[in-house]
Amino acid sequence: QVQLIESGGGLVQPGGSLRLTCASTHTDSRNWMSWFRQSPGNEREFVAGVSTTNDSAYYGNKVKGRFSISRDNANTVSLQMNNLRNEDTAVYYCAARRSSRLAVTPDPYDLWGQGTQVTVSS
């Protein structure tokens with residue numbers, strides 16, 4: 001069974017950078033991969049997504065211009081996070097779906113990683 005495994009989370013000061021990686025244990029037919037995040041008391045929020053068929057990318061408004069999503073190879077997607085802010089603190093989840101259409105809500109995604117904690121604090 002395919003699994004998504006996130007890595008790269010940690011503690012960083014405001015203004016700093018982190019790079020998250022999502023690795024799929026097997027190559028499969030999912031055509032869209034995204035990052036979501038969730039902080040205590042808040043709903044899971046779309047961060048960024050990338051098409052595995054044409055590498056087109058889409059970003060949430062709060063991270064546009066600071067974060068960059070990329071597909072490193074057939075099984076790995078990364079999220080480069082720059083100029084981090086306190087409000088970026090959350091658990092970050094990798095998710096995948098078979099459709100090639102963009103989805104910015106969690107429900108259409110059928111495969112999720114376990115999450116990795118990102119804490120931005122001085």
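Of the N and O atoms on the side chains of T53 and N31, not one donor lies less than 3.5 Å from an acceptor on the other residue.
Distance check, rounded to the nearest 0.5 Å: CG of L79 to OG1 of T116 gives 11.0 Å. Rounding to the nearest 0.5 Å gives a distance of 13.0 Å between CZ of R101 and OG of S51. From T21, atom OG1 reaches atom CG of L4 across 12.5 Å, with rounding to the nearest 0.5 Å.
Residues passing the side-chain contact (heavy atoms from CB on, under 4.5 Å) test with T105 are P108, sequence neighbours excluded. Taking Q3 as the reference, T25 meet the side-chain contact (heavy atoms from CB on, under 4.5 Å) condition, with sequence neighbours excluded. For D107, there are no salt bridge (Lys or Arg N to Asp or Glu O under 4.0 Å) partners at least two apart in sequence or on another chain.
Under a hydrophobic-cluster definition in which Ile, Leu, Val, Met, Phe, Trp and Tyr are linked whenever side-chain heavy atoms come within less than 4.5 Å, directly or via other members, V47 and Y58 are assigned to different clusters. V77 and L111 end up in the same hydrophobic cluster when Ile, Leu, Val, Met, Phe, Trp and Tyr side chains are linked at under 4.5 Å.
Listed by first then second residue, pairs satisfying side chain to side chain donor-acceptor pair (under 3.5 Å) with a partner in residues 86-97 read R37-D88, R37-Y92, R66-D88, not counting sequence neighbours. Residue pairs meeting the disulfide (SG to SG under 2.5 Å) criterion with at least one partner in residues 5-105, sequence neighbours excluded, are C22-C94. Contacts classified as ring pair (Phe, Tyr, Trp, His ring centres under 6.0 Å) and involving residues 5-42 (residues at least two apart or in different chains) are given here: F36-F46, F36-Y109, F36-W112.
Nearest heavy atoms, A57 versus I69: CB-CG2, 3.7 Å. Shortest non-hydrogen contact noted between Q80 and S17 is NE2-CB, 3.9 Å. Of all the heavy atoms in A103 and S34, the pair that sits closest is O-OG, 4.5 Å. The nearest pair of heavy atoms linking V91 to G115 is CG1-CA, 3.9 Å. Looking at every heavy atom in both residues, V118 comes nearest to G9 through CG2-CA, 4.2 Å. Contact between R71 and D55 at its shortest, heavy atoms only, is NE-OD1, 2.9 Å.
Using modelled atom types, one side-chain atom of T52 and one backbone atom of R30 make a donor-acceptor pair closer than 3.5 Å. Of the possible polar contacts, one joining the E6 side chain to the Q114 backbone as a donor-acceptor pair under 3.5 Å is found.
Residues L11 and S121 meet the side-chain proximity criterion, which asks for heavy atoms closer than 4.5 Å.
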Next on the checklist: Between V12 and M81, is the side chain to side chain contact (heavy atoms under 4.5 Å, CB included) condition met? List the steps.
Outcome noted: CA-CA 11 Å; V12 64; M81 306 186 296; over 6 Å; no

